[in-house]
Each structure stands twice: as C-alpha cells, then as structure tokens.
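Below is one structure, written out as structure tokens, with a few remarks after it.
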Amino acid sequence: MVYKMDISAITALNNVNGTATVSPTSLTGMLAEKEKKAEGTMFETFLNTAIDNVKTTNSYLSDAENEKIRFALGETDNTHDLTIAMGKASTALQYTVAIRDKVMEAYKELMQIQI
C-alpha cells in the first residue's frame with residue numbers, strides 16, 4: 001500500500017539536530033487508525049445511503065396513498081398526479097426489493113463460505 005503523507009503524519013516527524021526522523025511506531029499506529037476510520041466511514045456511508053433510500057421509498061408510497069385518497073374523496077380530478085405518484089411508488093418499491101434480494105443473496109453466499 002502507498003500512503004500519502006498528510007498533516008497528522010508530519011506531526012509524527014521528530015526534528016532532531018535539523019534532520020527529520022520518523023518514529024515507526026507512531027506512524028504505523030496512525031496509518032492503522034486511518035484504515036479503521038476509512039473502513040468504518042465506508043460502511044457508515046453505505047448504511048446511511050440504504051436508510052435514505054428506504055425513507056424515500058416510504059415517502060413515495062405515502063404520497064401515492066395520499067393521492068389515491070384525495071382522488072377517491074373527490075378532492076382532485078387530476079388523474080395525472082395520481083398516475084405519476086403511483087408510478088414513482090411502484091418503481092421505488094421494485095428497486096428497494098431488488099436491492100434487498102441482492103443483499104440477502106450476498107449474505108447467504110458469505111455464510112456458506114467455509115473457513
């Protein structure tokens with residue numbers, strides 16, 4: 001792996017008699033810490049994105065239900081909005097179910113791996 005030196009790595013430099021030396025233990029510890037943060041951040045980002053997608057799907061389903069109720073009560077005669085809301089909800093739900101199925105399939109494959 002190639003690591004770029006940043007501000008935190010520069011702070012690990014010790015200035016002894018005008019020459020810069022790197023403390024191997026401090027640099028290794030910082031690199032390991034950065035890797036852990038990167039892994040956690042990537043998983044956290046993935047999880048937050050998945051949660052946001054589910055919230056969006058729920059929002060579309062709620063909007064479609066509200067449009068159906070408004071149309072049934074006669075509050076609106078605009079079938080165009082109803083059709084669009086139902087299309088968005090249907091597409092979002094199909095997408096969410098497809099993603100869930102792929103995640104479950106990957107999980108099952110991981111569980112079948114023998115150590």
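Just so you know, residue 1 is the first one in the sequence shown, and it goes up from there. Values below: all heavy atoms of this structure, side chains included; hydrogens, waters and symmetry mates excluded.
- The two residues Thr76 and Phe71 come nearest to each other via the heavy atoms O-CD1, 3.6 Å.
- Counting heavy atoms of neighbouring residues, nucleotides and ligands inside a 6.0 Å radius, atom CG of Asp101 exceeds 12 of them.
- Between the OG1 atom of Thr49 and the CD atom of Glu44 there is a distance of 10.0 Å, given to the nearest 0.5 Å.
- Shortest non-hydrogen contact noted between Ala85 and Ala64 is O-CB, 3.6 Å.
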Where do Lys55 and Asn58 land on the side chain to side chain contact (heavy atoms under 4.5 Å, CB included) test, with the steps shown first? CA-CA 5 Å; Lys55 287 180 181 178; Asn58 286 337; 5.6 Å; no

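- If you chain together hydrophobic residues whose side chains sit under 4.5 Å apart, Phe43 and Ile51 fall into the same group.
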Carefully, step by step, assess Thr96 and Arg100 under the rule side chain to side chain contact (heavy atoms under 4.5 Å, CB included). CA-CA 6 Å; Thr96 303; Arg100 183 211 56 196; 5.6 Å; no

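- Here the CG-OG1 distance, from Asn78 to Thr83, works out to 8.5 Å after rounding to the nearest 0.5 Å.
- Linking Ile, Leu, Val, Met, Phe, Trp and Tyr whenever their side-chain heavy atoms come within less than 4.5 Å puts Val97 and Leu61 in one cluster.
- Taken to the nearest 0.5 Å, the CG atom of Asp81 stands 12.5 Å off from the CG atom of Asn66.
- A 4.5 Å side-chain heavy-atom check between Lys88 and Ile84 finds at least one atom pair inside the cut-off.
- Between Lys108 and Glu105, none of the side-chain N atoms (NZ, or NE/NH1/NH2) sits under 4.0 Å from a carboxylate O, so this pair counts as no salt bridge.
- Closest approach of Tyr60 and Ala92 over heavy atoms only: CD1-CB, 3.7 Å.
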